[in-house]
S.K.: 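This is the structure I want to talk about, given as structure tokens.
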Number of protein chains: 2
Amino acid sequence: MSLPNKRPLTLRDVSEASGVSEMTVSRVLRNRGDVSDSTRARVLAAAKELGYVPNKIAGALASSRVNLVAVIIPSLSNMVFPEVLTGINQVLEDTELQPVVGVTDYLPEKEEKVLYEMLSWRPSGVIIAGLEHSEASRAMLRAAGIPVVEIMDTDGTPIDAMVGISHRRAGREMAQAIVKAGYRHIGFMGTKMPLDHRARKRFEGFTEMLAKSGIEIEDRAFYSGGSALAKGRQMTQEMLERSPELDFLYYSNDMIGAGGLLYLLDQGIDVPGQIGLAGFNGVELLQGLPRKLATMDACRLEIGRKAAEIIAARLGEPPVPVETSVTLTPTIAFGDTLKRR
Amino acid sequence: MSLPNKRPLTLRDVSEASGVSEMTVSRVLRNRGDVSDSTRARVLAAAKELGYVPNKIAGALASSRVNLVAVIIPSLSNMVFPEVLTGINQVLEDTELQPVVGVTDYLPEKEEKVLYEMLSWRPSGVIIAGLEHSEASRAMLRAAGIPVVEIMDTDGTPIDAMVGISHRRAGREMAQAIVKAGYRHIGFMGTKMPLDHRARKRFEGFTEMLAKSGIEIEDRAFYSGGSALAKGRQMTQEMLERSPELDFLYYSNDMIGAGGLLYLLDQGIDVPGQIGLAGFNGVELLQGLPRKLATMDACRLEIGRKAAEIIAARLGEPPVPVETSVTLTPTIAFGDTLKRR
DNA sequence: ATGAAAGCGCTAACAC
DNA sequence: GTGTTAGCGCTTTCAT
């Protein structure tokens, strides 16, 4: 531990301090090849003494191996992606691989930029949310020549591999459960995000299945920005004032659904008797609410784990062949806001 | 856009495709130096045609410049750090710098590991949460010879620069407000995290100020894991059953505070008349609750912004001198759960 | 305005 | 077990 040098330390410094060749120092620091215990000890002592931190940039260039996995997601703020990251981390922790996260804010141009930026670091693999990407992004991913796992959604064709759930089917199943429970006058609330393809697909599946029972959504509302809980409250109030005949409210995410639930309880409305409710995602938050919102788990942790496993398997030596398409099946949690039939 | 080659493209490929030297191609791609418009056009066309993505590893090694800023935080799951990241992003977006996030889970050993890992990529700067680090971590940070901004907390001495609030003072001020409002029997609930130094400092400031009024905390409880909202609910119930004399509950974060609030409202208890409540953080979620929890904003966005500004200023050409210690002052939001005096 | 040569700090491959 | 040599793909510097 010396005084702050201007010049960063190099292998050469450790080599000189320990009287061992750079090559041997390198071997010790990477636990490669045979090095005698005495030499190893001497090198480690010198490295520690100097406070040497290897330069991965040089290492990566020389070995053309980069232990990074690019993880590209739309957002960090809605609780769903952090959980996916947790799953990825859990798996990658047992490997040499390191996740590096990029955020796109649901913007294709930003996705393109982030992807370009990350690929320029030559990662060993990519995990990216969604199946919809700009043509340029798809081209980059194909050209990269590395494993690419598209996650969250399986309604489409992957570039390479995919892990997720069918949001269309999720929407259909919820519609089915609602109709089966006897609700007939349905309202929908969601985020104003034309680029959230998964929310869109859920909605499409939902309306499609309702149509089969001759039911149409009777009111809908979209929000953007602000506290989802507060918006859920406010939108629910507005919608019920506008459309008092509604007997079910379907929310595109649990947060606004929770806001709606709190509002209805406040008003003393009978849930799920007078009005039923359902959200989507299975967020942990719901556990603390006075009543449990019906929802559908998006299998976030599992998606993260599985995606990381595919990357790790592909990158293994030798590469293990793995399934390139994993569709998980979420189940409805009826909670206390959706009659069981 | 060619078929997936096994060998990644290099400058040389673009050079050959465009009939211009590698050096000139490099200049075009970085917008450096004088290049004739015709050459520039030819090069750009070739690069695009091939789908070339520059190799930053080689670039960084050659120029010994890396436009990365390491951001090291304890967690992504409690909403507070994503907001700090947003602030950092907002500022760095206007620069060449790119944040790279590492997560420590509040574990010093993991912090050390993550730091080592990140420093080995030779970032241009570090933003790291907290002032408490292992001796080895501090040594690494000093030896790195790059700007280091420690964030969130200013109760201590920074290695280089710091931006945050005084959690001790935050605790004291909340205690003061509570006593002033006439509450005398106080319970505390928090996370079981001996390594969350900021929560600890708030608690210390809180008890210290209470002591000045001759008041002592009469009951306390700690939790770990699970849904904070649910835990807040449950712990509040248990605490009030155990200590029915309490007239105020101070929570170490808003999430458990919100759980407590929902429980009390369920029970029909008069808040803030019979029992007052306060949390900490000013999370957006609270806006949707039936009643607003008293809290204190941790200035998360501003901390992120300011930290990034310091890094950017230090890294500018020429480096702009900046304050190395910024203490923001949060104010109490009384909401509907703390009598105003 | 463009090119040639040198080398960033490390590791692969081979020699001893 | 340990050392030597030759790059990895760029950018710097200097020449033209």
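Predicted model, so just to flag it, every value in this text is computed and none were measured. Proteins come first, then strands; the chains are lettered A, B, ... in the order of their sequence lines, and each starts at number 1. Hydrogens, waters and symmetry mates are skipped; everything else that's a heavy atom, side chains included, is used.
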S.K.: How would you label the contact of Arg27(B) with the nucleic acid (heavy atoms, under 4.0 Å): base, sugar-phosphate, or nothing?
M.R.: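 Base: the residue Arg27(B), judged by heavy atoms under 4.0 Å, touches a nucleobase.
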S.K.: Once you round it to whole Å, what is the distance between P of dT11(C) and CG of Asn31(A)?
M.R.: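 Roughly 12 Å, once rounded to whole Å.
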S.K.: How long is the line joining CD of Glu22(A) and C1' of dT4(D), in whole Å?
M.R.: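 Those two atoms, CD and C1', are 11 Å apart.
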S.K.: Round to the nearest Å and state the distance from Trp121(A) atom CH2 to dC8(D) atom P.
M.R.: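 Rounded to the whole Å, the gap is 20 Å.
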S.K.: Side-chain contact test, heavy atoms from C-beta onward, threshold under 4.5 Å: evaluate it for Asp94(A) versus Leu92(A) and give yes or no.
M.R.: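 Not in contact.
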S.K.: Is Asp160(B) paired with Arg314(B) through a side-chain N to carboxylate O contact shorter than 4.0 Å?
M.R.: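 Here Arg314(B) pairs with Asp160(B) in a salt bridge, since their nearest N and O are under 4.0 Å apart.
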S.K.: Tell me whether the side-chain N/O atoms of Ser21(A) come closer than 4.0 Å to OP1 or OP2 in dG3(D).
M.R.: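 Yes, within the criterion.
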S.K.: Using a strict 4.0 Å threshold on nitrogen-to-oxygen distance, state whether Asp105(B) and Lys110(B) make a salt bridge.
M.R.: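 The answer is yes: the pair qualifies as a salt bridge.
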S.K.: Of the nucleotides dT4(D), dG9(D), dG7(D), which has the atom closest to the Leu61(A) side chain?
M.R.: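 The closest nucleotide is dG9(D).
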S.K.: Considering only NZ, NE, NH1 and NH2 on the basic side and carboxylate oxygens on the acidic side, decide whether Arg138(A) and Glu132(A) come within less than 4.0 Å.
M.R.: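 Here Arg138(A) does not pair with Glu132(A) in a salt bridge, since their nearest N and O are not under 4.0 Å apart.
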S.K.: Rounded to whole Å, how long is the line connecting atom NZ of Lys56(B) with atom C1' of dC8(D)?
M.R.: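 So the NZ-C1' distance, Lys56(B) to dC8(D), works out to 19 Å.
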S.K.: Under 4.0 Å: is that the gap between some side-chain N or O of Thr24(B) and OP1 or OP2 of dT2(C)?
M.R.: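 No.
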S.K.: Between atom CZ in Arg30(A) and atom C1' in dA13(C), what is the gap in whole Å?
M.R.: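 The answer, rounded to whole Å, is 12 Å.
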S.K.: Checking contacts here: which listed nucleotide (dG1(D), dT11(D), dC10(D)) is nearest the side-chain heavy atoms of Thr39(A)?
M.R.: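 So the side chain of Thr39(A) is nearest to dG1(D).
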S.K.: Go through dT11(C), dG9(D), dT12(D) for me and flag the one nearest to the Ala58(B) side chain.
M.R.: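 That would be dG9(D).
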S.K.: By nearest atom, which of the nucleotides dA12(C), dA1(C), dG9(C) is closest to the Asp34(B) side chain?
M.R.: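 Side chain of Asp34(B) sits closest to dA1(C).
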S.K.: dT2(C) C1' sits how many Å from Asp37(B) CG, rounded?
M.R.: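 Distance, rounded to whole Å: 15 Å.
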S.K.: Give one of base, sugar-phosphate or nothing for Ser64(A), where a contact means two heavy atoms less than 4.0 Å apart.
M.R.: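 Nothing: the residue Ser64(A), judged by heavy atoms under 4.0 Å, touches no strand.
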S.K.: Mind checking if Asn55(A) touches a base, just sugar-phosphate, or nothing, with heavy atoms under 4.0 Å?
M.R.: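 It contacts sugar-phosphate atoms only.
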S.K.: Under 4.0 Å between a side-chain N or O of Tyr52(A) and OP1 or OP2 of dC10(C)?
M.R.: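 Affirmative; the distance criterion is met.
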S.K.: Touch check for Arg65(A), heavy atoms < 4.0 angstrom, all strands: base, sugar-phosphate only, or nothing?
M.R.: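 Answer is sugar-phosphate: Arg65(A) comes under 4.0 Å of backbone atoms only.
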S.K.: Take atom CE of Met23(B) and atom C1' of dA5(C), then tell me their distance rounded to the nearest Å.
M.R.: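 About 12 Å, once rounded to whole Å.
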S.K.: To the nearest Å, how far apart are Glu16(A) CD and dC10(C) P?
M.R.: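 For the pair Glu16(A) CD and dC10(C) P, the rounded distance is 12 Å.
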S.K.: What are the two closest non-hydrogen atoms of Thr10(B) and Arg7(B), and how far apart are they?
M.R.: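 Thr10(B) and Arg7(B) have their closest heavy atoms at CG2-NH1, 4.1 Å.
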S.K.: Between Val20(B) and Arg122(B), which residue's closest nucleotide on DNA chain C lies nearer the 5′ terminus?
M.R.: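 First, find each residue's nearest nucleotide; the 5'-ward one identifies Val20(B).
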